[in-house]
Amino acid sequence: MLFALLLLSQPSQAVGQDVEFWLDGGATNALPPANVDTAAALYGILGGRLLLSYPVGGTEATARFGQGAGGTTAAWLVGEAHTWMAHRFGRTLGRLELGGQALDFTDPFQYRVYAGSVQPALSGRLGSFGYVLQGTARLGHWQSNAPDTTGTRPGMFTSATIDGPMHILGGTAQLGRSMGPLWVRLEGTGLRAVNGALDGTYVSGTARVTTDIGPVSTIADVTLQHSPAENETGYGLTLAWSPTRSALLQLYAGQTVTDPVYGTQGNFAATLAVSWRVGHRAAAARFGVVDYGAWTDAGREVHFRIRAPHARRVALVGDFTSWESVPMQRDGDAWTATITLSPGVYHFGFQVDDRWTVPKDAPGIMKDGWGRTNASIVIEAKP
C-alpha cells in the first residue's frame, strides 16, 4: 500500500510547464509480511496532483483515496503538499523543501498521522559524478484507535485510543553518474525514527540503475537496511511507459523494507498505476537563453540560444567546452547550439563577434573573480 502511494506520487517529467493537473489511478496486489498469517490483499487508489513550477522552485499538492477490493477491508485518505526553492552558491546548488502530510486510515481500524517536514539539500558535481546531500526533519503526531485486547470487558468489542509524537531525523547522501546507456546511483540513508510502531535507528544503502529506451524507462534497485527489528533486503523493478506527454503507465513489482515513517513491515507487492494530465497551462512564450531537453545515454540535452540579429558569428563558451569556442547556428534573429551534459553545475557565456556577452535574462549570472560575468546552470541527477 505504501509503495503504491509513493509510486503514484512521482512527478511528471514534462519540461517548461507552469501549471499541471494530473489524475492518478492504480491497483496494488500485496502479499503480507513473512511473519503474518493472512491472505494477499488487493487495493485500488484514485487521486489527483496539482503541480506549479516557477524559475527558482515549485509546488506540488496531492490528494488520494484508497479502498480495498476483492473482500479486502481497508480504506484510507492521504494528502500532501510540498514547496521548494533553490539557490546557487558558486558550483553548488542549494535547495530547501517544506512539506506537510496528513494520513487518515479508517478501516479496519483508525490510524491518523499529521506531520510537517523540512529537507535542506546541496547538490553539485565531483568530476564525472553528480552528488546530493540531503537532511530530513519530520515532526508530527500519530493517533490510533486499535482493538482493546486487555480482556477487561469480555464478550464486548471495544477499542483503545493511543497516540504519540512522530520524529524522523537524519540524512541521505547520493552519488550517481552516467555509464553508457545507464544512469547508476548509490544512496546511503541514516534516520532516527519515533513512529509509535517501531522506534529506533534505520540505516540503509540502495543501488539503483535507470535506463531509457525511447518512451520506456526501466528502474531496478536493491536495498539493504538495518532496522530496529532486523536486517532486511529489498528489491524492485519499475517499467514506465509515456506514450505522450499527457499519459504515463507504470508497472512495479518488488519487496519493500520496513518503513521508518510508519513503522510498517516490508512486503512483496505488484502495482499498476496510470496517470493522465487533464489540465495544463503554460506561461506565455518568451525568448529563453537555456531550455532543457530529453535525457540521452550520455546525459541531458541542453539548448542554448542568444538573440544577435546583426552578428556575423556567435560561439558558445563554457567550462563544459574547456572554455573553447563552439560555433552556434543562426536561426532567424537568434543563434542556437545544443550540448549534452551529465549532472553537475556549469558556467558559460557567449562570444558575439569576439565580444564576451551574457544576456541579462541568462540563468545564474555571477562574477567569475577575474573581472568577467558568467551565466550558470545546474543539471540535477536523473530522476
Side-chain angles (χ1 to χ4, degrees), residues 1-12 21-50 60-82 101-115 140 142-147 159 166 195-198 219 221 223 225 227 229 232 234-241 247-278:
M1 179 190 73
L2 293 176
F3 180 81
L5 297 176
L6 293 173
L7 178 62
L8 289 174
S9 68
Q10 295 302 309
S12 68
F21 182 72
W22 290 74
L23 287 179
D24 301 317
T28 295
N29 190 44
L31 298 178
N35 59 348
V36 177
D37 184 15
T38 187
L42 180 64
Y43 305 97
I45 300 173
L46 181 64
R49 268 180 300 144
L50 177 66
E60 178 177 2
T62 68
R64 292 192 182 86
F65 172 73
Q67 177 66 58
T72 302
T73 58
W76 66 91
L77 179 66
V78 63
E80 295 186 30
H82 300 270
Q101 177 184 23
L103 169 66
D104 190 357
F105 194 98
T106 58
D107 188 25
F109 61 89
Q110 192 169 70
Y111 175 71
R112 291 175 176 160
V113 173
Y114 306 96
W142 63 268
Q143 181 184 76
S144 178
N145 290 337
S159 63
M166 170 183 283
N195 50 41
L198 193 60
I219 304 172
D221 59 70
T223 298
Q225 177 172 276
S227 71
E232 306 171 86
Y235 54 88
L237 178 66
T238 302
L239 298 177
W241 176 45
L248 179 65
L249 177 67
Q250 297 182 86
L251 176 64
Y252 164 85
Q255 173 74 35
T256 62
V257 295
T258 300
D259 184 353
V261 176
Y262 301 103
T264 53
Q265 294 177 273
N267 67 305
F268 185 87
T271 298
L272 177 64
V274 180
S275 296
W276 177 37
R277 189 177 67 181
V278 296

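Any value given below was found using the heavy atoms of this structure, including those in side chains, with hydrogens, waters and symmetry copies removed.
Scanning for side-chain contact (heavy atoms from CB on, under 4.5 Å) contacts around Ala197 gives Asn195, with sequence neighbours left out. With sequence neighbours excluded, the residues that form a side chain to side chain donor-acceptor pair (under 3.5 Å) with Gln225 are Glu232.
Taken to the nearest 0.5 Å, the CD atom of Glu80 stands 8.0 Å off from the CZ atom of Arg64. Atom CD of residue Gln250 and atom CD1 of residue Ile219 lie 7.5 Å apart, to the nearest 0.5 angstrom. One finds the OH atom of Tyr111 at 7.0 Å from the CG atom of Leu103 (value rounded to the nearest 0.5 Å). The line from OH of Tyr43 to OG1 of Thr271 is 11.0 Å long, rounded to the nearest 0.5 Å. The distance from the CG atom of Leu77 to the CZ atom of Phe105 is 12.0 Å, given to the nearest 0.5 Å. Rounding to the nearest 0.5 Å gives a distance of 12.0 Å between CE of Met166 and OH of Tyr114.
Between Leu198 and Gly263, the shortest heavy-atom contact is CB-O, 4.1 Å. Of all heavy-atom pairs spanning Trp22 and Arg277, the tightest one is CE3-N, 3.4 Å. Thr28 and Ala269 get closest at one heavy-atom pair: CG2-CB, 4.1 Å. Taking both residues in full, the closest heavy atoms of Pro32 and Asn267 are given as C-CB, 4.2 Å, listed atom of the first, atom of the second, then distance. For Arg49 against Phe21, the heavy-atom pair with the smallest separation is O-CD1, 3.1 Å.
The shortest side-chain heavy-atom distance between Thr238 and Tyr252 falls under the 4.5 Å cut-off. Residues Leu42 and Asn29 form a side-chain contact, since some pair of their non-hydrogen atoms from C-beta on lies under 4.5 Å apart. Using a 4.5 Å heavy-atom cutoff, the side chains of Leu272 and Leu249 are in contact.
Just one of Ile45, Asp104, Thr106 meets the side chain to side chain contact (heavy atoms under 4.5 Å, CB included) condition when paired with Trp76; it is Ile45.
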